[in-house]
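To start, the structure itself, in structure tokens.
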Number of protein chains: 2
Amino acid sequence: MAATIKDIARLAGVSPATVSRVLANKTAFYGPATAEKVQAAALKLGYRKNTAAAELVTQHSNVLAVVVNSVKTNFSSQIITGIQDTAAAHGLNVIIVYAGITDPEAQRKALLTVIERPVMGILLLSLNLTPENLQLLQGAQTPYCFLSIAFDDGDLPSIASDDWQVGYQATQTLLKAGHRKIGLAAVDSNSHTGRFRLAGYESALRDAGVSPQADWVQPGVYSYVAGREAMAAYGVTSGLTGVVAGSDMAAIGVLNQARDLGLTVPTDLSIVSIDGTEMCELVQPQLTSVSQNFYDMGAAGVRQLLEPGRQLQQVTPIQVVDRQTVRVL
Amino acid sequence: MAATIKDIARLAGVSPATVSRVLANKTAFYGPATAEKVQAAALKLGYRKNTAAAELVTQHSNVLAVVVNSVKTNFSSQIITGIQDTAAAHGLNVIIVYAGITDPEAQRKALLTVIERPVMGILLLSLNLTPENLQLLQGAQTPYCFLSIAFDDGDLPSIASDDWQVGYQATQTLLKAGHRKIGLAAVDSNSHTGRFRLAGYESALRDAGVSPQADWVQPGVYSYVAGREAMAAYGVTSGLTGVVAGSDMAAIGVLNQARDLGLTVPTDLSIVSIDGTEMCELVQPQLTSVSQNFYDMGAAGVRQLLEPGRQLQQVTPIQVVDRQTVRVL
DNA sequence: ACCAATCGGACAAACGTTTGCTTAAATTCA
DNA sequence: TGAATTTAAGCAAACGTTTGTCCGATTGGT
């Protein structure tokens with residue numbers, strides 16, 4: 001039903017080839033008179049290019065696919081903005097598909113929808129692929145890069161913060177304020193990210209001469225409820241005066257749970273959050289955080305895809321921004 | 001470079017047609033022996049189907065495109081989840097593209113990337129199209145539906161809440177609690193949505209025998225800063241005892257600004273928010289809200305696309321959920 | 001006025017699939 | 001045993017583009 005290049009050709013009285021060229025602005029191939037005729041015909045027919053067909057023959061696409069692990073993660077918006085901006089600057093279009101965070105089958109389907117289509121590259125947002133799905137991704141001819149997640153395997157291209165530093169600096173922020181008994185809440189010790197944050201946390205503690213206690217760390221999946229559960233597990237008798245939370249959401253979880261326990265933040269308990277999204281300034285008191293450069297991560301991701309020569313694993317800088325949740329003792 | 005159906009055919013010693021059939025599971029067209037050979041060859045070659053090519057010939061696609069106005073809107077995640085779930089149930093794949101909220105050119109580009117591709121339908125999330133872009137959309141052969149936004153023009157398919165009711169019930173919630181002087185903050189009076197919420201607000205007031213004052217309404221674009229600005233404009237001397245905010249974010253803005261002004265919520269000021277996202281339960285005190293059914297909106301949207309016979313403009317129910325920000329006088 | 005160069009445009013192949021039609025072989029039935 | 005039916009697989013066209021090659025006509029130079 002939709003008008004094709006041939007319809008235009010017929011209407012304008014020229015060949016499809018010529019139509020293609022004037023529509024692609026390949027001046028040097030046609031005269032002004034024909035150009036006009038073609039434009040008019042195209043307009044009249046309401047022509048819309050069939051990109052799929054074009055990509056089929058040119059064997060190259062200008063769409064960049066982003067696979068996101070879940071709808072919930074609130075920092076993703078910053079990364080996506082970074083991707084979007086730099087992609088646009090390079091004339092690329094961005095499409096996003098959501099993969100389930102848990103279900104490997106949903107993950108696989110999401111992966112397939114981007115792989116089976118001509119995309120010029122794939123960005124994976126804090127996505128933990130199963131081995132099979134990773135293989136699937138690598139089997140495709142498409143360049144890819146993981147974002148906001150790092151791997152033990154050094155061969156996987158990725159851009160993320162230095163998680164050890166994240167853990168270290170978060171903890172150090174509390175140590176500098178005079179805290180000694182410091183918890184680590186809602187980091188996932190099964191992930192590379194979580195293990196390194198934990199290691200950084202422990203190193204900071206030891207460097208300050210305090211020996212980590214097992215019950216100071218309450219693992220969890222970085223979520224709001226994980227934060228609440230961690231704080232609930234601490235209870236009021238833990239003796240902790242500060243806790244670093246695995247994410248902003250988690251921090252809000254411990255904040256709210258602390259309040260429910262009758263604790264005042266930061267008077268009774270100090271909190272430093274990890275991520276530094278706008279959430280930090282929305283809650284009361286505003287969360288002190290070690291902030292990641294999500295926007296830059298996104299931007300670096302598309303550059304990585306564009307210039308294959310880059311180093312595989314890149315690190316974006318972090319900074320601690322002091323707000324209202326750490327009390328100096 | 002990538003393996004094609006012909007490569008498989010050559011390797012398996014059959015025709016491309018047969019390969020296509022076994023890969024598509026068109027039993028009845030091939031014997032078990034050939035099937036095996038083909039499967040093996042496909043596996044060996046790491047074959048990935050070229051969906052673009054397939055869609056070109058079948059003239060039909062199973063991807064559903066969602067165009068989102070901005071990364072910021074936090075309720076979009078619920079709608080998208082609704083879309084995602086029902087789409088998956090119908091065997092559809094979902095891709096998302098972001099259009100700038102302001103820039104008509106970015107909007108146009110986003111629209112083009114979905115229109116110029118074989119998609120089976122387009123869902124537009126609270127997107128206000130320029131007339132040219134609307135025309136562009138309508139010119140495409142693709143079915144579409146607006147979500148979480150309504151229009152004066154009754155011909156545009158859309159699914160949204162009844163905005164008049166939203167405004168009415170939000171206001172009524174405060175009236176029932178004994179409030180008389182009630183503000184309306186951060187609704188955009190340029191939009192259909194905003195105008196109807198305003199009308200509902202005024203009707204509720206009048207039905208309760210209180211006549212609306214011009215300085216009670218402080219328009220804005222539903223954002224956090226719009227909320228803050230509205231509250232700042234009210235100041236401490238307004239005499240308002242309650243305000244309904246245009247969105248959860250806006251409500252948080254008035255909440256925080258009220259606090260900065262030395263006001264305690266809900267003791268000095270009651271707030272009812274519009275939207276009812278999880279944000280409401282994250283802040284302290286938790287926001288009383290008139291909640292929209294975003295998930296259902298998304299679900300209804302994909303059904304609308306699937307069954308063209310449906311009525312054009314649908315309304316999803318709302319409910320007020322009482323939390324902690326309205327004080328009964 | 002003749003040859004070369006340039007210009008404008010057409011022809012046709014190719015991209016990777018799907019699918020209607022055809023054909024050859026194998027099976028069934030009387 | 002012969003005809004009819006079923007089964008298995010191949011041929012080739014088609015989808016809507018892009019682009020290398022080719023051709024005729026106009027132009028310019030001498």
Side-chain angles (χ1 to χ4, degrees), chain A residues 1-39 41-42 45-63 112 115-120 140-142, chain B residues 1-39 41-42 45-63 112 115-120 140-142:
Chain A
M1 199 70 281
T4 76
I5 219 177
K6 292 185 187 174
D7 299 324
I8 299 182
R10 203 165 20 240
L11 183 58
V14 299
S15 76
T18 301
V19 174
S20 170
R21 293 199 234 259
V22 352
L23 258 28
N25 264 307
K26 296 221 188 307
T27 46
F29 282 100
Y30 54 85
T34 14
E36 196 127 345
K37 273 191 303 184
V38 170
Q39 309 275 21
L45 262 39
Y47 172 73
R48 292 276 77 96
K49 164 183 196 163
N50 183 329
T51 305
E55 283 170 347
L56 184 57
V57 29
T58 59
Q59 299 283 68
H60 131 300
S61 150
N62 70 146
V63 352
L112 279 180
I115 285 182
E116 290 185 346
R117 229 159 281 273
V119 303
M120 61 74 64
Q141 74 295 4
T142 318
Chain B
M1 197 72 283
T4 76
I5 220 178
K6 292 185 187 174
D7 299 324
I8 300 182
R10 204 164 20 240
L11 182 57
V14 299
S15 77
T18 302
V19 174
S20 170
R21 291 188 166 112
V22 352
L23 258 28
N25 263 309
K26 295 222 187 308
T27 47
F29 283 101
Y30 55 85
T34 12
E36 197 128 343
K37 273 190 304 183
V38 170
Q39 308 276 20
L45 262 39
Y47 172 73
R48 293 274 77 94
K49 165 185 196 161
N50 183 329
T51 305
E55 283 170 346
L56 184 57
V57 31
T58 60
Q59 298 283 66
H60 129 299
S61 149
N62 71 147
V63 351
L112 279 181
I115 285 181
E116 290 185 347
R117 227 159 282 272
V119 303
M120 61 75 64
Q141 74 295 4
T142 319

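A, B, ... follow the sequence lines: proteins, then strands. Residue 1 opens every chain. Scope of the values below: all heavy atoms of this structure, side chains included, with no hydrogens, waters or symmetry mates.
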Close residues, residues 10-23 of chain B, relative to DNA chain C [heavy-atom separation under 4.0 Å]: B:Ala17, B:Ser20, B:Arg21
Side chain to side chain, B:Leu56 and A:Leu56, heavy atoms closer than 4.5 Å: yes
A:Ala54: side-chain contact (heavy atoms from CB on, under 4.5 Å) partners, not counting sequence neighbours: A:Lys49
Heavy-atom side-chain proximity of A:Thr34 to A:Val22 below 4.5 angstrom: no
Between P of D:dT17 and NE2 of A:His60, the distance in whole Å: 17 Å
Phosphate contact (C:dG16 OP1 or OP2) by A:Gln59 side-chain N/O below 4.0 Å: yes
Short side-chain N/O contact to C:dT18 OP1/OP2 from B:Thr58, under 4.0 Å: no
Gap between atoms CD1 and C1', on B:Ile5 and D:dG10 respectively (whole Å): 13 Å
Closest non-hydrogen atom pair between A:Ala9 and A:Pro16, with its separation: CB-N, 3.6 Å
Protein-nucleotide distance (B:Lys26, atom NZ; D:dG10, atom P), rounded to Å: 17 Å
Integer-rounded Å distance: D:dT18 C1' and B:Leu56 CG: 13 Å
Spacing of B:Phe29 atom CZ relative to D:dT6 atom P, expressed in whole Å: 15 Å
Value in whole Å for how far the C1' atom of D:dT6 lies from OH of B:Tyr30: 17 Å
Pairing residues for A:Glu36 by the side chain to side chain donor-acceptor pair (under 3.5 Å) criterion, not counting sequence neighbours: none
Pairs meeting criterion side-chain hydrogen bond (donor to acceptor under 3.5 Å, both in side chains) with involvement of residues 9-25 of chain B, two or more places apart: B:Asp7-B:Arg10, B:Ser15-B:Thr18
Partners meeting side-chain contact (heavy atoms from CB on, under 4.5 Å) with A:Ile8 (sequence neighbours left out): A:Val19, A:Leu23, A:Val38, A:Ala41, A:Ala42, A:Leu45, A:Tyr47
Heavy-atom donor-acceptor pair, B:Thr51 side chain to A:Glu116 backbone, under 3.5 Å: yes
d(CD, B:Gln141; P, D:dG16) in whole Å: 11 Å
Positions of residues 45-54 of chain A (non-hydrogen atom under 4.0 Å from DNA chain D), listed by number: A:Tyr47, A:Arg48, A:Lys49, A:Asn50, A:Ala53, A:Ala54
Separation of atom CG in B:Asn25 from atom P in C:dT19, rounded to whole Å: 14 Å
Sugar-phosphate, base or nothing in reach of B:Lys6, heavy atoms under 4.0 Å: base
Close side-chain approach of B:Arg117 and A:Glu55, heavy atoms under 4.5 Å: yes
